[in-house]
Student: 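Take a look at this one; I'll ask things after.
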There are 2 protein chains.
Amino acid sequence: MSATNNGVPGGMSVELDMPVTAEEHASCPVTDVLRRVGDKWSVLVVVVLGRGPKRFSQLHRGIEDISQRMLTRTLRGLQRDGLVDRTVYPTVPATVEYALTDLGRTLLGPLSVLTAWAVDHRPDIEEARVRHDAAGNPGADHGVSRA
Amino acid sequence: MSATNNGVPGGMSVELDMPVTAEEHASCPVTDVLRRVGDKWSVLVVVVLGRGPKRFSQLHRGIEDISQRMLTRTLRGLQRDGLVDRTVYPTVPATVEYALTDLGRTLLGPLSVLTAWAVDHRPDIEEARVRHDAAGNPGADHGVSRA
DNA sequence: CGGCATCCTGACCGATACTG
DNA sequence: CAGTATCGGTCAGGATGCCG
């Protein structure tokens with residue numbers, strides 16, 4: 001982002017109205033990436049694999065809250081996107097090892113930035129959330145269910 | 001990253017087995033944050049608001065693919081988490097302005113890193129995806145539908 | 001050990017319609 | 001203009017059970 005832009009409130013909006021336009025509407029790929037990484041487990045798996053190759057069981061143990069189904073699914077998706085590499089050893093009970101690819105490794109940087117932000121500002125978010133909830137607001141549920 | 005770790009495959013895993021353990025299991029807040037930011041519109045709204053305060057209509061116009069419902073919902077969520085600020089002007093037809101809070105603004109940095117990565121590696125991902133798909137793999141659908 | 005198949009629930013998201 | 005309410009579709013994701 002080289003958006004060396006303004007900061008002016010609601011007054012004159014120059015080209016600030018256009019449909020997010022070309023460059024910054026980099027949101028197309030961004031949304032795409034977020035939908036891959038934004039799921040419940042992908043990030044976790046990538047981070048864990050960032051510490052070195054692991055076997056299926058190791059990953060399953062290392063995350064623990066994940067089910068085989070989700071682990072397999074996440075791994076498949078990551079593999080499909082060229083982020084992880086799968087190696088099968090024709091041993092007796094079958095041994096499979098997963099590892100980050102070069103591409104997958106490049107994700108670790110941006111991810112660490114985001115995780116750092118998350119860790120750093122989680123309390124603020126939670127505080128704001130509690131305050132908002134404590135106010136006259138109808139609660140956290142904003143309208144999906146509620147009979 | 002600072003993870004100057006090993007690279008050894010399935011051999012000796014020192015403390016690499018623990019449930020992601022304390023520090024790096026920053027995944028608790030991370031997951032939390034990702035579920036807020038990982039949805040379809042939050043990032044987009046934050047980025048657009050990063051260019052300055054906007055009114056509801058402006059946002060609606062600026063993103064265009066979003067419905068009022070989703071825009072409202074996204075804004076509510078962001079507001080609840082203290083990322084955006086809502087200001088109502090008691091004019092005749094009612095005027096509301098949304099703006100990023102300080103907290104919200106701190107997100108712009110990490111977000112830009114991630115978006116940069118996304119833009120930079122999208123082609124790689126897509127290529128890997130196509131290749132994976134072109135191989136003997138059963139296709140993109142990894143098992144949800146498919147009668 | 002590693003993985004796939006099936007069923008089911010709930011969250012997310014979109015289109016439409018109606019209110020202040 | 002700004003927002004809520006309702007309906008319906010789609011999909012992530014959890015539980016279980018079986019196969020190599």
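Labels below follow one simple rule: chain letters A, B, ... track the order of the sequence lines, proteins then strands, and each chain is numbered from 1.
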Student: Below 4.0 angstrom from OP1 or OP2 of C/dA11, is there any side-chain N or O of A/Lys40?
Tutor: no
Student: Calculate the interatomic distance between A/Arg36 atom CZ and D/dA12 atom C1'; express it in whole Å.
Tutor: 12 Å
Student: With sequence neighbours excluded, what pairs up with B/His60 under the side chain to side chain contact (heavy atoms under 4.5 Å, CB included) test?
Tutor: B/Ile66, B/Gln68, B/Leu71
Student: Does C/dG3 have its OP1 or OP2 closer than 4.0 Å to a side-chain nitrogen or oxygen of A/Tyr98?
Tutor: yes
Student: When you check the phosphate oxygens OP1 and OP2 of D/dA2, does a side-chain N or O of B/Arg55 lie under 4.0 Å from one of them?
Tutor: yes
Student: Give me the distances for all protein-to-nucleotides 15-20 of chain D N/O pairs that come in under 3.5 Å?
Tutor:
none

Student: Separation of B/Leu75 atom CG from D/dA2 atom P, in whole Å?
Tutor: 11 Å
Student: Over how many whole Å does the gap from B/Leu59 atom CG to D/dC1 atom C1' extend?
Tutor: 13 Å
Student: Mind checking what makes side chain to side chain contact (heavy atoms under 4.5 Å, CB included) contact with A/Val92, not counting sequence neighbours?
Tutor: none
Student: Choose from C/dC13, D/dG3, C/dG3 the nucleotide whose nearest atom is closest to any side-chain atom of B/Trp41.
Tutor: C/dC13
Student: Starting at the 5' end of DNA chain D, which residue's closest nucleotide do you reach first, A/Asp39 or B/Ser57?
Tutor: B/Ser57
Student: To check you understand the geometry: which heavy-atom pair defines the closest contact between B/Leu100 and B/Gly50, and what is its length?
Tutor: CD2-CA, 3.8 Å
Student: Find the distance between OH (B/Tyr98) and OG1 (B/Thr74) and round it off to the nearest 0.5 Å.
Tutor: 10.5 Å
Student: Report yes if some heavy atom in the side chain of A/Gln79 is under 4.5 Å from a heavy atom in the side chain of A/Asp85; otherwise report no.
Tutor: no
Student: Considering every strand and a 4.0 Å limit on heavy-atom distances, what is the contact class for A/Arg35: base, sugar-phosphate, or nothing?
Tutor: nothing
Student: One thing to verify: whether A/Asp124 and A/Arg129 come together as a salt bridge, which I'm taking to mean a side-chain N less than 4.0 angstrom from a carboxylate O.
Tutor: no
Student: In whole angstrom, give the distance that lies between atom NE2 of B/His60 and atom P of D/dA2.
Tutor: 11 Å
Student: Provide, to the nearest angstrom, the distance between the CE atom belonging to B/Met70 and the C1' atom belonging to C/dA11.
Tutor: 11 Å
Student: Can you tell me the distance, in whole Å, between the CZ atom of B/Arg73 and the P atom of D/dT6?
Tutor: 13 Å
Student: Considering only D/dT4, C/dG3, C/dC1, which nucleotide approaches the side chain of B/Thr72 most closely?
Tutor: D/dT4
Student: Over how many whole Å does the gap from B/Arg86 atom CZ to D/dA2 atom C1' extend?
Tutor: 8 Å
Student: Which nucleotide, C/dG14, D/dA2, D/dG3, lies nearest any side-chain atom of B/Arg76?
Tutor: D/dG3
Student: Taking atom P of C/dC13 as reference, at what distance in whole Å does atom CG of B/Leu44 sit?
Tutor: 12 Å
Student: Hey, does A/Val96 have a side-chain heavy atom less than 4.5 Å from the side chain of A/Tyr89?
Tutor: no
Student: Among D/dG14, D/dC1, C/dG3, which nucleotide sits nearest the side chain of B/Arg61?
Tutor: D/dC1
